[in-house]
Amino acid sequence: MTDHPIPATRPVNPRFSSGPCAKFPEYDLNLLADAPLGRSHRAAVGKAKLAEAIDLTREVLGVPADYRIGIVPASDTGAVEMAMWTMLGERPVEMLAWESFGEGWVTDAVKQLKLDATVRKADYGRIVDFTQVDFSRDVVFTWNGTTSGVRVPNGDAIPADRSGLTICDATSAAFAMELPWDKLDVVTFSWQKVLGGEAAHGMLILSPRAVERLENFTPDRPLPKIFRLTKGGKLNEGIFRGETINTPSMLAVEDYLAALKWAQGIGGLQGLIARADANAAAIRDFIADKDWIADLAEDPATASTTSVCLKFTDPAIRDGAGFAKAVAKRLEKEGVALDAGAYRDAPPGLRIWCGSTVEAADVAALMPWIEWAYRVELATQG
């Protein structure tokens with residue numbers, strides 16, 4: 001290893017996991033001191049905290065006033081499945097997938113709900129052609145591929161006068177990317193991604209068109225209690241005032257509130273987007289002139305700014321999967337990048353979380369370490 005000197009600078013925070021993600025800078029457990037622990041979430045203090053979380057979510061994300069925002073169980077997965085189980089089946093469906101989570105929603109639609117769905121897929125590093133999608137149907141897709149490093153660049157291809165619903169899993173996009181609310185009827189995300197919150201809680205955002213669907217369509221399938229969004233044919237408005245279906249963690253709620261207030265302090269949504277953009281740019285500036293590593297995203301227009309996925313391209317590498325795992329392990333052993341390996345179902349490589357709680361200086365400091373680990377690992381091949 002003497003031919004490959006260790007870089008002089010280390011990331012201050014080596015947490016580059018894609019979920020749960022790094023806490024925001026200067027995070028302190030004392031920020032949670034006001035959490036109403038040991039109190040019912042139905043008590044006035046609990047209801048007030050949950051309502052505040054909904055109100056600040058609307059403010060920071062710029063969610064329209066006539067959209068409902070609810071806190072639901074089971075993280076983003078629970079939120080997406082609530083939407084699918086309660087809304088799909090009224091009309092034909094198109095499922096769009098270009099990474100593992102999108103593939104999961106396809107499985108739910110085809111094998112569990114047994115819908116006769118049109119399925120459009122793209123390989124890792126690409127997205128489907130939205131101009132070919134029939135938006136007279138209900139369309140389900142991820143905005144940002146957490147495991148593939150690609151995203152929808154904008155909502156231009158989604159017609160404003162569509163007759164179907166758009167159901168968008170935005171869990172690794174919300175708070176770091178612009179979401180065109182007029183083009184989205186259902187938006188879901190979890191606290192654990194861009195704002196670095198705690199896991200287990202999901203957010204479900206409904207347009208007036210989605211509410212209309214819920215109130216006028218009764219699916220021909222049994223619905224578990226935690227999926228039931230209506231009572232007597234009307235939307236259960238309490239869910240969207242913070243009266244959660246099951247018991248939330250008030251400690252996690254307080255943690256989410258702390259992150260939302262931090263977001264307000266750095267300029268709200270535009271400040272969050274700028275931080276994620278700068279983080280992703282630090283990686284792409286570094287790899288731009290390298291012939292041994294590349295972005296998994298093939299088109300810069302669809303390249304993610306949060307879950308940046310990289311692939312090793314050196315033809316001298318004999319075992320791509322083993323090599324990538326060894327590099328990630330070496331980075332973790334040095335304490336410079338934790339949880340930076342590619343997702344288990346994705347092509348071999350690295351996945352560096354660049355969400356808004358990450359510091360650009362830490363991303364920049366990591367880059368020479370990736371080159372060091374690559375060169376040391378390559379030398380061990382003999």
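Just so you know, these numbers use all the heavy atoms, side chains as well, and skip hydrogens, waters and symmetry mates. Positions are given from 1, in the same order as the sequence printed here. Small disclaimer: the values here were computed from a predicted structure and weren't measured.
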For residues 39-48, which side-chain donor-acceptor pairs fall under 3.5 Å, sequence neighbours excluded?
residue, atom, partner, partner atom, Å
S40, OG, R42, N, 2.9

Kindly write out the residues that satisfy ring-ring contact (aromatic ring centres under 6.0 Å, His included) with [X], not counting sequence neighbours, or none if the list is empty.
X    : answer
F286 : none
W181 : none
F323 : F312
Y67  : none

Are side-chain N/O atoms of [X] and [Y] paired as donor and acceptor at under 3.5 Å?
X    : Y    : value
S307 : S172 : no
E103 : S100 : no
Q264 : E59  : yes
D169 : W143 : no
S304 : T306 : yes
T147 : E99  : yes
T146 : Y343 : no

Run through the side-chain heavy atoms of Ile, Leu, Val, Met, Phe, Trp and Tyr, join any pair under 4.5 Å, and report what else lands in Y124's cluster. L296

Flag yes if more than 12 heavy atoms outside R162 fall under 6.0 Å of its CZ atom; otherwise flag no. yes

For [X] versus [Y], what's the shortest heavy-atom pair and its separation?
X    : Y    : value
W85  : L113 : CE2-CD2, 3.5 Å
A297 : G149 : CB-O, 3.5 Å
W262 : P25  : CZ2-CD, 3.7 Å
L214 : T230 : O-CG2, 3.7 Å

Please enumerate all residues that pass side-chain contact (heavy atoms from CB on, under 4.5 Å) together with D277, with sequence neighbours excluded.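 If we apply the side-chain contact (heavy atoms from CB on, under 4.5 Å) test to D277, skipping adjacent residues, the hits are I273, T305.
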
Using the test salt bridge (Lys or Arg N to Asp or Glu O under 4.0 Å), find all partners of [X] that sit at least two apart in sequence or belong to another chain.
X    : answer
E178 : none
R209 : D185
K23  : E198, D255
D134 : R137

Please confirm whether the ring centroid of W191 lies under 6.0 Å from the ring centroid of H201. yes

Under a 4.0 Å N-O cut-off, is there an ion pair linking E371 with R375? yes

Candidate pair L32 and Y27, rule side chain to side chain contact (heavy atoms under 4.5 Å, CB included), full reasoning: CA-CA 10 Å; L32 310 185; Y27 179 84; 3.5 Å; yes

Qualifying salt bridge (Lys or Arg N to Asp or Glu O under 4.0 Å) pairs with a residue from residues 342-362, counting only residues at least two apart or across chains: R275-E359

Before giving the answer on side chain to side chain contact (heavy atoms under 4.5 Å, CB included), spell out for E243 and E237 the whole-Å C-alpha distance, their side-chain angles and the decisive distance to 0.1 Å. CA-CA 9 Å; E243 298 169 14; E237 295 284 2; over 6 Å; no

